[in-house]
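Just so you know, residue 1 is the first one in the sequence shown, and it goes up from there. Here the structure is a predicted model, which means the values were calculated and not measured.
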Amino acid sequence: MDFEFLDNDRLRKQLLFLVEIDKMKTVLRRTVITDGSNRRENDAEHSWHFAMYALILSEYCKEDIDVNKVIKIALVHDLVEVYAGDTFAYDEKGYETKANREKEAADRLFGMLEGEQGEEIRALWEEFEAKQTPEAKFANVCDRVQPLIHNYFTDGHTWKEGNVVSSQVLKRNEIVKEESPELWQLVCGIVDSSVKRGILKEG
């Protein structure tokens, strides 16, 4: 099924792209949702939640940012995982091949859209990965804080699964320290509290 009945080829390609990215709903992350069910979060849920974090917490960014652009970045930042799969944040071996896997996925996925639209979506993804603009930096802050809070409310589920220690969590969240004093205080508070609760190993 490829909408062969449509005369508008651009619209047909856009619709096929939208159908393809529905696969994000099947890409499971290590993070579990906070309702106590132990159900793993999927990429689409994470992207939506990340976008909401950006919308609600943007006032804590130390720089002036275009919040709408951060939300756009949130929506596209993990699209490549439709083909590349999710790489666990603390999986050093997985990170060795992550860049290549995701570049190949980006070529394939964003190439489904015509010219300038595919380029625009890819540029947002590349901006997120580069972490150079204020919007990309704050997007990365939200991408770090969201799973951190999930761990806090799920008794360190993902930390325990990955045998993660406190220094790794702090290192992963260094960009928060750079971009938001208030949210860095939150990160440190969560790490300290989690160590005291016994849901995160000190180290």
Side-chain angles (χ1 to χ4, degrees), residues 17 20-33 39-51 53 70 72-112 118-119 121-133 135-152 154 156-179 184 187 190-191 194-195 199-203:
F17 173 80
E20 190 71 359
I21 64 172
D22 188 59
K23 292 176 181 175
M24 278 191 83
K25 298 172 188 174
T26 68
V27 179
L28 297 178
R29 295 165 49 82
R30 292 282 192 95
T31 309
V32 295
I33 62 175
R39 180 175 74 77
R40 289 170 68 181
E41 173 188 53
N42 67 50
D43 262 358
E45 292 168 328
H46 165 67
S47 297
W48 159 79
H49 211 189
F50 165 0
Y53 269 68
V70 179
K72 284 183 179 181
I73 290 173
L75 292 174
V76 306
H77 84 290
D78 273 347
L79 285 177
V80 294
E81 294 184 2
V82 163
Y83 301 136
D86 179 57
T87 304
F88 179 46
Y90 300 99
D91 179 3
E92 292 180 10
K93 188 166 182 61
Y95 265 78
E96 291 174 7
T97 61
K98 180 176 184 283
N100 284 338
R101 283 186 287 112
E102 292 192 346
K103 184 189 177 300
E104 288 175 7
D107 292 343
R108 180 178 169 193
L109 187 64
F110 303 136
M112 293 180 69
E119 290 167 8
I121 301 297
R122 183 178 186 131
L124 288 166
W125 170 70
E126 289 178 344
E127 184 174 345
F128 174 78
E129 292 294 320
K131 304 183 193 71
Q132 296 297 311
T133 65
E135 288 79 13
K137 290 175 184 176
F138 190 67
N140 274 274
V141 166
C142 295
D143 191 47
R144 302 294 194 278
V145 170
Q146 188 257 2
L148 179 82
I149 289 176
H150 274 245
N151 266 297
Y152 189 62
T154 58
H157 178 276
T158 311
W159 294 330
K160 291 173 182 175
E161 196 177 72
N163 203 28
V164 175
V165 298
S166 59
S167 60
Q168 290 175 285
V169 177
L170 291 171
K171 182 173 176 55
R172 171 128 182 104
N173 284 276
E174 281 178 349
I175 194 165
V176 183
K177 183 178 183 179
E178 297 166 12
E179 297 304 313
W184 178 244
V187 169
I190 285 177
V191 169
S194 298
V195 169
I199 65 171
L200 176 64
K201 292 181 182 177
E202 189 168 16

Quick check: do [X] and [Y] have side-chain heavy atoms less than 4.5 Å from each other?
X	Y	answer
E178	K131	no
L28	D86	no
E81	E102	yes
D43	R29	yes
Y90	N163	no

Inset, instruction - Please determine if R30 and E161 form a salt bridge, counting it only when a charged side-chain N lies under 4.0 Å from a carboxylate O. - result: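 Salt bridge flag = yes for E161 with R30.
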
Legend entry - Residue K177 excluded, over 12 heavy atoms near NZ under 6.0 Å: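 Result for NZ/K177: open.
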
Inset, instruction - Go through the side-chain N and O atoms of K160 and N151 and say whether any donor and acceptor fall under 3.5 Å apart. - result: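 No, no side-chain donor-acceptor contact under 3.5 Å.
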
Legend entry - Side-chain H-bond candidate by donor/acceptor type, D143 with H46, under 3.5 Å: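 There is such a pair (donor and acceptor under 3.5 Å, judged by atom type) between the side chains of D143 and H46.
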
Inset, instruction - Please work out which of the three classes, parallel, tilted or perpendicular, describes the rings of F110 and F17, given edges at 30° and 60°. - result: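 Rings of F17 and F110: tilted, as their planes differ by 30° to 60°.
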
Inset, instruction - If the plane angle is over 60° it's perpendicular, under 30° parallel, otherwise tilted; pick one for Y53 and H49. - result: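 Y53 and H49: perpendicular rings.
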
Is the backbone N or O of [Y] less than 3.5 Å from a side-chain atom of [X], with the two atoms forming a donor-acceptor pair by type?
X	Y	answer
T26	K23	yes
R101	A84	yes
H150	V32	yes

Inset, instruction - Using side-chain contact (heavy atoms from CB on, under 4.5 Å) as the criterion, point out the one residue from V70, I73, V76 that pairs with F128. - result: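 Running side-chain contact (heavy atoms from CB on, under 4.5 Å) over V70, I73, V76 with F128 returns exactly one hit, I73.
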
Legend entry - N42 side, atom CG; D78 side, atom CG - distance, nearest 0.5 Å: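 Those atoms lie 10.5 Å apart.
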
